[in-house]
Amino acid sequence: MRLLEAYELKRRIAEELAGLLGEEVDEAKADPHAKRRPIACGITVHTGVGCPVGCAYCYIYSMGFPRSIKPYPLSPLQLAYALAVNPYVAVGEWGTLIATGSVTEPFLPSVASHSLSYLRAIAQYLGNPIQVSTKMRPPLELSEVQRGLDVLISVTDLSGRLEPGAPKPVERLEAGAELIRRGVSVTLFVRPIIPGVTDSEADKLLRVAYDLGYRRVVFGTLRVTPSIMARLKSFGVDVAPYVRGPLSERRQIPIKYPKGRLVEMAKTLGFQVLPASCSANITAHGQACALCNWGPCGDPKRLKVDVGDVGDFLAARGYRGEVEVRGLSVRVKVRGKLKEADRVFMEQALRVRVNDRA
Ligand code: SF4
Ligand code: SF4
């Protein structure tokens, strides 16, 4: 889709949703989902607030989220509207990637139906590629939400000893396998890798998942703060030898852990190993992306970048200047300042980097 069409689609969907919402638009407009800038791998949608599961390595408590959970306050329609009016977000089939389940657990019983309503609203009104990450047994209704929807079954090892409030990893994997049988894309998400825990029986974990029908895997690095390290220690896990640099409660830092052995193990078994969760979303939807150095993901021939397309968009937005396309990236030089929202919107709609040379 051309950039101007993508922009018009966003405007039209926002207008339609505003008509359905009436006075409820104000709350949606003021919500962070209407303002937050996506990162390269998409925008995170919060289906709930907090999580009581208490995984030993979880970062959400360091971010200030509570150890209880309640549904996110927006209605599903309001959530879809908030995303549509977010100036950075592209909507539609090739729009901004949607990631749910990163700062809460979407399928705890008290929020599961609310979370499903969010996913359905995004699929129905916006159409963006959706991915959901879970440590629960994923509900079968996911098979009806969106063609290509990707479910990440998140595990760290087979014992589940660091996830006291979650179902046993094998139960999660089996529930994910049922979705695979129903045609849903389900990815094994080994995250975070806990040194001395995940790697000690990774071959068994990978084999169990492979035998259940999983064919894609993403390995994710542990990020720590002093309180995460202390919590892990109370579970008998010391990751201090893998931490470089000063620790702060305000900023999680990734540990230094070579994933090579796990990657080789998975490849030998027959898994497709993807570099990041967003890559699984792209692959599941049969799309492509070249927004970061880990890519390009998917088939880069599907990324259409055209000087005239970018030029038309910039002109319609009131800019004058030059555009240069260099392989899978775009450079623009405009008179005055290119608004960050316009630059990011172009990146999100094109899935390639857009650099402002001004
Ligand atoms: S289920 Fe997810 S959000 Fe909840 S504590 Fe575990 S890792 Fe954190
Ligand atoms: S290129 Fe791949 S890893 Fe990078 S943001 Fe895109 S999908 Fe994610």
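Remember, it's 1-based here, ligands and their atoms both numbered in the order they're listed. Source: prediction; values computed, not measured.
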Would you mind listing which atoms of ligand 2 come within a distance below 4.0 Å of any non-hydrogen atom of [X]?
{"X": "Ile282", "value": "7 (S)"}
{"X": "Gly295", "value": "1 (S)"}
{"X": "Leu291", "value": "1 (S), 6 (Fe)"}

- Message: Name the residue from Leu173, Val208, Thr187 that meets the side chain to side chain contact (heavy atoms under 4.5 Å, CB included) definition with Tyr214.
- Response: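 Going through the options one by one, the only one that passes is Leu173.
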- Item | Common cluster, Val218/Val197, ILVMFWY with side-chain heavy-atom separation under 4.5 Å | no
- Message: So if I count the atoms of ligand 1 from 1 in the order they appear, which ones are less than 4.0 Å from some heavy atom of Cys51?
- Response: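 Counting from 1, the qualifying ligand atoms are 1 (S), 3 (S), 4 (Fe), 5 (S).
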- Task: Output the list of atoms in ligand 1 that are nearer than 4.0 Å to some heavy atom of Gly54, sorted by atom number.
- Result: 5 (S)
- So, is the end of the Arg67 side chain (NZ or CZ) under 6.0 Å from the ring centre of Tyr61 and within 45° of the ring's axis? yes
- Message: Less than 6.0 angstrom from the centroid, inside 45 degrees of the normal: does Arg215 satisfy that with respect to the ring of Tyr210?
- Response: yes
- Judged by non-hydrogen atoms, does Ala166 sit under 4.0 Å from ligand 1? no
- Query: Would you call Tyr61 a ligand 1 contact, heavy-atom distance under 4.0 Å?
  - Reply: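 Within the 4.0 Å threshold, so yes.
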- Query: So which protein heavy atom does atom 8 (Fe) of ligand 2 come closest to, and at what separation?
  - Reply: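 Of the protein heavy atoms, Cys278 SG, 2.3 Å lies nearest.
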- Query: Does Cys292 put an N, O or S atom under 2.8 Å from atom 6 (Fe) of ligand 2?
  - Reply: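 It does not; every qualifying atom lies at 2.8 Å or beyond.
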- For the atom pair CD (Glu5) and CZ (Phe313), what is the distance rounded to the nearest 0.5 Å? 13.0 Å
- May I ask you to test the Val111-Thr47 pair for a side-chain heavy-atom distance under 4.5 Å? no
